[in-house]
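Only heavy atoms go into these numbers, but all of them, side chains included; no hydrogens, no water, no symmetry mates. Proteins get letters first, then strands, A, B, ... in listed order; numbering begins at 1 in each.
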Number of protein chains: 2
Amino acid sequence: MESTSTRTDSCAAPPHPHRRPAGQDSYTISEVVAFTGLTAHTLRWYERIGLMPHVDRSHTGQRRYSNRDLDWLDLVGKLRLTGMPVADMVRYAELVREGDHTFGERFELLETTRRDVLARIAELQDTLAVLDRKISFYADAGRLYEQEKTEKAG
Amino acid sequence: MESTSTRTDSCAAPPHPHRRPAGQDSYTISEVVAFTGLTAHTLRWYERIGLMPHVDRSHTGQRRYSNRDLDWLDLVGKLRLTGMPVADMVRYAELVREGDHTFGERFELLETTRRDVLARIAELQDTLAVLDRKISFYADAGRLYEQEKTEKAG
DNA sequence: TATGGCCTTGGAGTGCGCTCCAAGCAAGCG
DNA sequence: CGCTTGCTTGGAGCGCACTCCAAGGCCATA
């Protein structure tokens with residue numbers, strides 16, 4: 001994925017149960033839809049905008065995805081969850097296509113993303129604290145409300 | 001904010017330096033822009049779609065925001081960071097307007113949001129792990145690359 | 001042979017969250 | 001008075017990330 005040389009990215013992904021072994025890894029678009037949760041429209045759109053490396057075709061011109069493609073889609077899915085714009089992911093894909101001399105730039109892009117993710121987690125934890133305070137306020141208020149009703153009734 | 005009764009939400013916010021004391025809390029839209037980072041367009045749009053409680057007006061019809069409004073905007077800002085759709089925030093605002101009998105529903109909405117935020121944090125930490133693996137891969141690859149250059153040169 | 005299912009394409013459409021525009025009003029200043 | 005600044009409004013427009021459409025090809029089964 002990251003490398004066009006023999007030195008490939010061996011740190012890619014944990015094993016997936018539905019995957020076929022190397023050599024027989026040829027999935028139709030609808031299989032990939034089932035695996036990833038993306039729509040076929042989105043998969044084709046990713047290709048159009050340059051977010052996918054070249055995808056193999058059958059003799060009738062239909063897409064045939066490889067394990068490598070699935071790995072890439074996993075990464076894209078993760079990056080998408082961080083809120084990274086698609087344009088930035090396309091940039092990363094371009095760097096991968098350009099070869100090993102872009103290692104440095106890829107490194108920096110990932111580092112920046114990492115910092116963004118850390119900041120995002122911090123923001124969310126901040127928000128969580130606010131939510132927790134509000135939730136316990138409402139829990140207390142709810143108890144008081146129930147109590148008042150009982151007192152009025154009794 | 002949460003309550004129309006005397007039992008108000010006392011757990012709202014840490015002190016903000018730029019705020020004026022109760023009684024003199026009357027901010028123009030451009031002041032609120034400076035405080036919140038939102039645009040005036042967005043502030044007016046929030047009002048149009050029902051995301052703001054009623055905002056005071058000056059004798060000439062200009063908006064005058066209160067500390068209470070700023071607290072509300074802080075909360076909205078936090079919820080926005082969680083990715084909560086604006087429509088859901090509008091729903092929450094409606095519940096607040098409807099009065100104390102919606103406490104239960106507000107509680108549930110916040111609880112659901114809390115769970116979403118926890119899930120989101122977990123996703124991001126997952127992504128962080130992937131990024132860290134890739135980053136260390138590129139760090140190693142970069143070192144190897146430098147070494148090769150040196151060997152060729154030497 | 002025909003019917004259905006799965007796939008192909010370029011291009012148009014959608015929903016969200018803003019973002020901006022045109023036209024106009026009120027206040028302050030030289 | 002004219003000019004600038006800051007605000008008002010309804011409605012149109014924009015960018016992103018899809019999402020869908022129309023029209024058609026290939027092929028297996030009845």
Side-chain angles (χ1 to χ4, degrees), chain A residues 26-52 54-66 69-70 72-94 113 116 120 123 127, chain B residues 26-52 54-66 69-70 72-94 113 116 120 123 127:
Chain A
S26 171
Y27 310 95
T28 65
I29 199 165
S30 59
E31 284 174 308
V32 177
V33 164
F35 299 161
T36 61
L38 297 167
T39 70
H41 293 303
T42 302
L43 285 168
R44 289 192 275 257
W45 179 68
Y46 279 1
E47 221 174 308
R48 259 196 274 181
I49 64 174
L51 185 49
M52 287 297 293
H54 177 77
V55 175
D56 233 42
R57 299 296 178 122
S58 72
H59 69 106
T60 57
Q62 295 183 204
R63 287 171 183 79
R64 293 292 178 260
Y65 291 84
S66 66
D69 295 330
L70 294 185
W72 176 253
L73 285 169
D74 281 348
L75 175 63
V76 165
K78 288 266 184 285
L79 294 179
R80 202 167 52 118
L81 287 175
T82 70
M84 182 190 262
V86 168
D88 291 6
M89 292 191 247
V90 170
R91 175 73 191 132
Y92 184 75
E94 279 167 3
T113 305
D116 290 351
R120 193 101 189 69
E123 278 175 356
T127 301
Chain B
S26 173
Y27 309 94
T28 65
I29 199 164
S30 58
E31 283 174 309
V32 177
V33 164
F35 298 161
T36 62
L38 297 166
T39 70
H41 293 302
T42 302
L43 285 168
R44 290 191 275 256
W45 178 67
Y46 278 1
E47 222 174 307
R48 261 197 273 180
I49 63 172
L51 184 50
M52 286 299 291
H54 176 77
V55 175
D56 234 44
R57 298 296 178 122
S58 72
H59 69 104
T60 56
Q62 294 183 206
R63 287 170 183 78
R64 291 294 177 260
Y65 291 84
S66 66
D69 295 328
L70 294 186
W72 176 253
L73 285 170
D74 280 347
L75 175 62
V76 165
K78 289 265 184 285
L79 294 179
R80 204 167 49 118
L81 288 176
T82 70
M84 181 190 262
V86 167
D88 290 5
M89 292 192 247
V90 170
R91 175 75 191 131
Y92 185 75
E94 278 166 4
T113 304
D116 290 351
R120 193 102 189 68
E123 279 176 354
T127 301

inquiry  = Within the 4.0 Å heavy-atom criterion, would you say B/S30 contacts the bases, only the backbone, or no part of the nucleic acid?
reply    = sugar-phosphate
Can you check whether [X] has a side-chain N or O nearer than 4.0 Å to OP1 or OP2 of [N]?
| X | N | answer |
| --- | --- | --- |
| B/T28 | D/dG6 | no |
| B/R57 | D/dT9 | yes |
| A/R63 | C/dT9 | yes |

Who are the salt bridge (Lys or Arg N to Asp or Glu O under 4.0 Å) partners of [X], not counting sequence neighbours?
| X | result |
| --- | --- |
| A/R48 | none |
| A/R44 | none |
| B/R91 | B/E94, B/E105 |
| B/E31 | B/R20 |

Using whole Å, report how far [atom1] of [X] lies from [atom2] of [N].
| X | N | atom1 | atom2 | value |
| --- | --- | --- | --- | --- |
| A/R44 | D/dT19 | CZ | C1' | 11 Å |
| A/D88 | D/dC16 | CG | P | 11 Å |
| A/L43 | C/dT9 | CG | P | 12 Å |

ask   = Which pairs count as side chain to side chain donor-acceptor pair (under 3.5 Å) when at least one residue sits in residues 33-42 of chain A, sequence neighbours excluded?
value = A/T39-A/T42
remark   = For nucleotides 14-21 of chain C, 5' to 3', base contacts (B), sugar-phosphate-only contacts (S) and non-contacts (-) with protein non-hydrogen atoms under 4.0 Å give ---SBBB-
List every contact pair, protein side and nucleotides 23-28 of chain C side both N or O, where the distance is under 3.5 Å.
none

Donor-acceptor pairs under 3.5 angstrom involving side-chain atoms of residues 76-84 of chain A: please list them, not counting sequence neighbours.
{"from": "A/K78", "atom 1": "NZ", "to": "B/D126", "atom 2": "OD2", "distance (Å)": "3.3"}
{"from": "A/T82", "atom 1": "OG1", "to": "A/L79", "atom 2": "O", "distance (Å)": "2.5"}
{"from": "A/T82", "atom 1": "OG1", "to": "A/M84", "atom 2": "N", "distance (Å)": "3.2"}

query = Looking only at side chains, do B/D116 and B/T113 share a donor and an acceptor under 3.5 Å apart?
reply = no
key: Test ring pair (Phe, Tyr, Trp, His ring centres under 6.0 Å) applied to B/Y27 - qualifying residues, sequence neighbours left out   = B/F35
